[in-house]
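Working notes, beginning with the structure itself.
Numbers here are sequence positions counted from 1. Every number for a ligand or one of its atoms is a count from 1 in the order of the listing. Note that these values count all heavy atoms, side chains included, but never hydrogens, waters or copies made by symmetry.
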Amino acid sequence: MKADGVIPTVPIFGIRVSKVDMAATVSYLTDAIRDRAAHQVITANPIMVMAALENPAYMEIMKSAELVVPDGTGVVWAAEYCKQPVAERVAGFDLLHELLRTGESYNWRVYLLGSTPEVIRETASRLQTGYPGIIIAGYRDGYFGPESDEEVLTDILEAKPDLLFVARGADSQEPWIAKHKARLQIPVMMGVGGSFDVISGKSRRAPKAFQKLRAEWLYRLLKEPTRYKRMLALPRFAVKVVREKDKVTKEQ
Ligand code: UDP
């Protein structure tokens, strides 16, 4: 990381993706918590990049995030292909755990938002057992509409968290955080997708073999074939990167 605390990035179709490794990411966010500087952290994958290219409002959210990390293998590959490689893949699931591990020595306060009431209760309990040094300052499920936003925001603000993890699916969690981040002003506000389902034991993360082959997406596709439609974004992303190689990392 640079001495001034600014994270080096590579633009992927105009979205500034962090180039630093997991350790530097955690250290940067630790400073953010110390300085009470609000950060929306987005864990980018090709599906989200393609969604942003097709939807200006979503692009605006990706661009205004304070930190975008390369979660998807496809994003890591694109940066490498365009000769501006990132240090390593920074998966949201791993980042969540690394932050909690680090947070143990600071007694960070964590708010968990999303998934079903059953899953979130079990997630809160397992994380508290796994990381006794952190404080689960609050949690609630993610099945609510805009009419409940005010109540949810009040509950989060009263809990005074250092970190807010939101698991509501990429279509809605990132826009929800973006909409409310100015009010929330939490140092780390991060969408974590299906992570609570995995932590609670409801679903499984891809086995190591798939992870090694950089094919977690394939595992998910096999487990949830209905995902195939949105996964068509993966080959479309790859084709676009190859076709537009000279434009991919151009400043916009
Ligand atoms: N979820 C939620 N509220 C909703 C929809 C989904 O809290 O209105 C939760 C869901 O229970 C799961 C997580 O969001 O824990 C991710 O959902 P999904 O896998 O459908 O989203 P994706 O990651 O595929 O976008």
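Between Ala167 and ligand 1, at least one pair of N/O atoms sits closer than 3.5 Å. Polar contact with ligand 1: absent for Asp171 (N/O pair, distance under 3.5 Å).
Taking a cutoff of 4.0 Å between a charged side-chain nitrogen and a carboxylate oxygen, Glu224 and Arg230 do not qualify as a salt bridge. Salt bridge annotation for Glu122-Lys202: absent, with no cationic side-chain nitrogen under 4.0 angstrom from a carboxylate oxygen. A salt bridge is defined here as a Lys NZ or Arg NE, NH1 or NH2 lying under 4.0 Å from an Asp or Glu carboxylate O, and Arg101 with Glu98 meets this definition.
Taking a cut-off of under 4.0 Å to the non-hydrogen atoms of Gly142, the atoms of ligand 1 that pass are 2 (C), 3 (N), 4 (C), 7 (O), 8 (O). Residue Asp197 approaches ligand 1 through these ligand atoms, each under 4.0 Å from one of its heavy atoms: 12 (C), 15 (O). Listed by number with element, the atoms of ligand 1 under 4.0 angstrom from any heavy atom of Gly114 are 7 (O).
For Tyr143, the closest heavy-atom approach to ligand 1 falls below 4.0 Å. Proximity of Arg230 to ligand 1 is established by a heavy-atom distance of less than 4.0 Å.
The proximity of Arg140 to ligand 1, defined as any non-hydrogen pair under 4.0 Å, does not occur for either the backbone or the side chain. Here Arg227 has side-chain heavy atoms under 4.0 Å from ligand 1, and that is the only part of it that gets that close.
When hydrophobic clusters are built by joining Ile, Leu, Val, Met, Phe, Trp and Tyr residues whose side-chain heavy atoms come closer than 4.5 Å, directly or via intermediates, Leu163 is grouped together with Ile120. Hydrophobic cluster membership is shared by Trp108 and Ile136, with clusters built from Ile, Leu, Val, Met, Phe, Trp and Tyr side chains linked at under 4.5 angstrom.
When Ser200, Ser115, Gly193 are checked for heavy-atom proximity to atom 13 (C) of ligand 1, Gly193 turns out nearest.
Taking the six-membered ring where the residue is Trp, His97 and Phe93 present perpendicular rings, their angle passing 60° and hence far from 30°.
Shown here, atom 20 (O) of ligand 1 is out of close reach of the protein: none of its heavy atoms lies under 4.0 Å off.
Atom CE of Met190 and atom CD of Glu174 lie 9.5 Å apart (nearest 0.5 Å).
Side chain to side chain, Thr9 and Arg16 meet the donor-acceptor criterion of an N or O pair below 3.5 Å.
Regarding atom 18 (P) of ligand 1, its nearest protein heavy-atom neighbour is Gly169 CA, 4.4 Å.
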